[in-house]
Amino acid sequence: MGMKVGARCIAGALMAIVAGGVMHGCASAPAEPDVTDRAAAMLKSSFKARGQATMDRLDQDETQRLCSEYAGRTLPASTAETIEKANLATIRYPADGKLVGDWKSGEKIAQSGQGFQYSDDPKKSAGANCYACHQLAPQELSYGTIGPSLYGFGKRRGFTDATRKYAWDKIYNAEAFAACSNMPRFGQHHILTEQQIRDVVALLVDPASPVNQ
Amino acid sequence: MNTQRRQAMKAASAWTLVTLVAAAGWLKPGDAAAEDWNKGAFDTHSMDETLKALGGSPPAPSKDIVFFSTPDIAENGAVVPIGIRSSVPKTESIAILIEKNPNMLAAVFDIPPGTDPSLSTRIKMGQTSDVYALVKADGKYYVASKEIKVTLGGCGG
Amino acid sequence: MMLRTFATGIAATALAAFIGSALAESTTDEIAKYREALQDGNPAELWEARGEEMWTKPRGPKQVSFAACDLGLGAGVVKGAYAALPRYFPDAARVMDLETRLVWCMVHQQGYTEADATKTTFGNGSAHRSDLEALAAYVTSQSRGVRMNVALDEPHVHDMYRLGEKMFYYRGGTHDFACATCHGDDGKRIRLQDLPNLTKLEGAQKAYTTWPAYRVSQGEVRTFQWRLNDCFRQQRFPELEFGSDASIALTAYLAGRANGAEYNGPAIKR
Amino acid sequence: MPDPMKIRANLLGDSTEVKVLMSHEMETGQRKDAQGKTIPAWFIQTVKVTHADKVVLAAQWGPAVSKNPFLSFKFEGGAKGDKVRITWIDNHGDTRTDEATIA
């Protein structure tokens, strides 16, 4: 369904930017290692650690590096595959095999945008901020559209093991399915705990969840 | 929600404030200078508190009181634009009440003869709530209400 | 409000499906009305007035006014200056945006220390007011109606523009966010807030030309330095330093993208 | 001393339209600071607008009026060149009076 669309659309939009830049006479020549390296160095000298937001957050992993490098250009199929494969390999499952938790807790997690900002209390558990980008329960009018609507997620896909596993995997590491997706890697980067991922999965796949009404 | 009950609650809450305010001698005619701030009226905290002071009949709902330039949804509750116009003859004062705020009364404006009974200002709303425009005209009270929804901001607020 | 609406909705599931689709559209219409209603009176004018007074009065240890401060169009010239910033200043040997240039004048002409000049970059209530925000409100108000004309053909500015463009796409942090994550696509919003597509001319023009802005959520006038600082906070990055090279590179990129558009700040926003 | 108000008074037909912005925190007394201490209430309580020594609007405000308050209304009888005078008093007893000329 629509989940993959986001990333591909972005890649397309970024193409358009380069065209826009040319009109201004300012488009950089494709892939200038000098500019890339100098921009990275300038960034690192322009920030300071604050609270839990330490300077190592500016160090890119391979996925971040590749996605930044290819922003504005078509991501070669082989690179996309490399990214997706590497990220797929990071996905872990609970020891007890239970992927679905409580949708009511999931709703709270989906509503909360707190966590990992230097202004946040690191002792409080982080939210997933799903509503910032997605429609979920239709009662919530204040939802974003960076990602696709997830209203009816379980109902449309079927309340099956495959749907539950896909929801887990996607939340755990979205890059495994859509290279350079806009969605954070909630499991791989330990943004959410195992139980929190279960609860968000429940919000998506529990037949009783408002998402599936 | 039960519509009838809701309407009754609306009327009652606005009305109790009127009695409270009137009893405090605040909306008295000719009080245009308003040098004294009426603590009692601004201290009404809850529906219960105002209900206790109930007595008499509620203010008449009036179609002659309209909200203008007042959105149904506020992007931020800290600043909610409110415009109120009264075409009730001999309008003497206009008050703005927010049902679900910690203190119901937000503002009251005394309108001397020669001043247009129409004004706009901005108020804070803690959450989605009914907002009342309470008008005193020729010694009688009239009311109109409007629900304003308050939304959450992006990026976790 | 959210949970309340939510709970009510659950109780009335029949209503729920209707709410989801039908109200979503009217929601955006009503938000547009809300924004429209705010335009009538912008408290940024209070900052502009304070900034204007500061601009003309002798200040600092040397008791010098900003009359000697060159924002690029000559000493003391304010009219239209913001629309051509950032620019390269040979006396500082640096590309500067408005805020860094104001700090430079405060330090080099008025005798403030760098620390004093940047003590309150972002104000917080009347007890912690920011002179820089007031000065920026005044200076920018004097470019209202002027078309953005950042000198992108000037080599130093051009270089910063290209570096800023790279930074715009730089992914990092715990959440993999780049500026482009939220501002690289058309017609998107976060919660109910529209996200300008800063990679497109129209989006960049509309966004850049409405900063500084009075933020009703904060009751403060915020400058473009603040806008960048707070975006990075939400990106889960460390803190962007005020007046840093990266902040100027990004400003050069976004201001440059806005070239040709009429400047229309300080605005009023959520 | 409190900051000056920003007042606009314009003659529109037979009436004068007054728009005013006031610089004030309008602190509710319900908010807490970073240390968890309640920030005391601090807000404008009364506003009086006069034209030619006649009160044209008098208001009492609670802390639910927004920070940096805005107010707009019209009255009959002003003429170009007349002064409109506005005074506010807050719960600390601070006050500010400003004038604008009807344009």
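Each chain gets a letter, A, B and so on, in the order its sequence line appears, and its residues count up from 1.
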Taking all non-hydrogen atoms of both residues into account, name the closest pair between [X] and [Y] and its distance.
{"X": "D:Ala59", "Y": "B:Phe109", "answer": "CB-CD2, 3.5 Å"}
{"X": "B:Val80", "Y": "D:Ser66", "answer": "N-OG, 4.2 Å"}
{"X": "B:Pro112", "Y": "D:Val55", "answer": "CG-O, 3.3 Å"}
{"X": "B:Asn103", "Y": "D:Gln30", "answer": "ND2-NE2, 3.7 Å"}
{"X": "B:Ala107", "Y": "D:Val65", "answer": "CB-CG2, 4.1 Å"}

Structural part of B:Ser118 lying under 4.5 Å from a heavy atom of chain D: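 Answer is backbone: N, CA, C or O of B:Ser118 sit under 4.5 Å from chain D.
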Contacting moiety of B:Pro81, where chain D heavy atoms sit under 4.5 Å: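 The answer is neither part of B:Pro81.
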D:Arg96, CZ atom: more than 12 neighbouring heavy atoms under 6.0 Å: yes
Residue D:Asp14 excluded, over 12 heavy atoms near CG under 6.0 Å: no
Option passing side-chain contact (heavy atoms from CB on, under 4.5 Å) with D:Val56 (candidates B:Thr115, B:Asp116, B:Ile111):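 Result: among B:Thr115, B:Asp116, B:Ile111, B:Thr115 is the only option passing the side-chain contact (heavy atoms from CB on, under 4.5 Å) with D:Val56.
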Output the distance between atom [atom1] ([X]) and atom [atom2] ([Y]), rounded to the nearest 0.5 Å.
{"X": "B:Lys124", "Y": "D:Met26", "atom1": "NZ", "atom2": "CE", "answer": "5.5 Å"}
{"X": "B:Ile96", "Y": "D:Trp61", "atom1": "CD1", "atom2": "CH2", "answer": "9.5 Å"}
{"X": "D:Gln60", "Y": "B:Ser93", "atom1": "CD", "atom2": "OG", "answer": "10.0 Å"}
{"X": "B:Asn101", "Y": "D:Thr28", "atom1": "CG", "atom2": "OG1", "answer": "9.5 Å"}

Chain B contact via D:Lys54 - side chain, backbone, both or neither, heavy atoms under 4.5 Å: side chain
Chain B-proximal positions within residues 72-82 of chain D [heavy-atom distance under 4.5 Å]: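 Those residues of residues 72-82 of chain D which have a heavy atom under 4.5 Å from chain B are D:Ser72, D:Phe73, D:Lys74, D:Phe75, D:Glu76.
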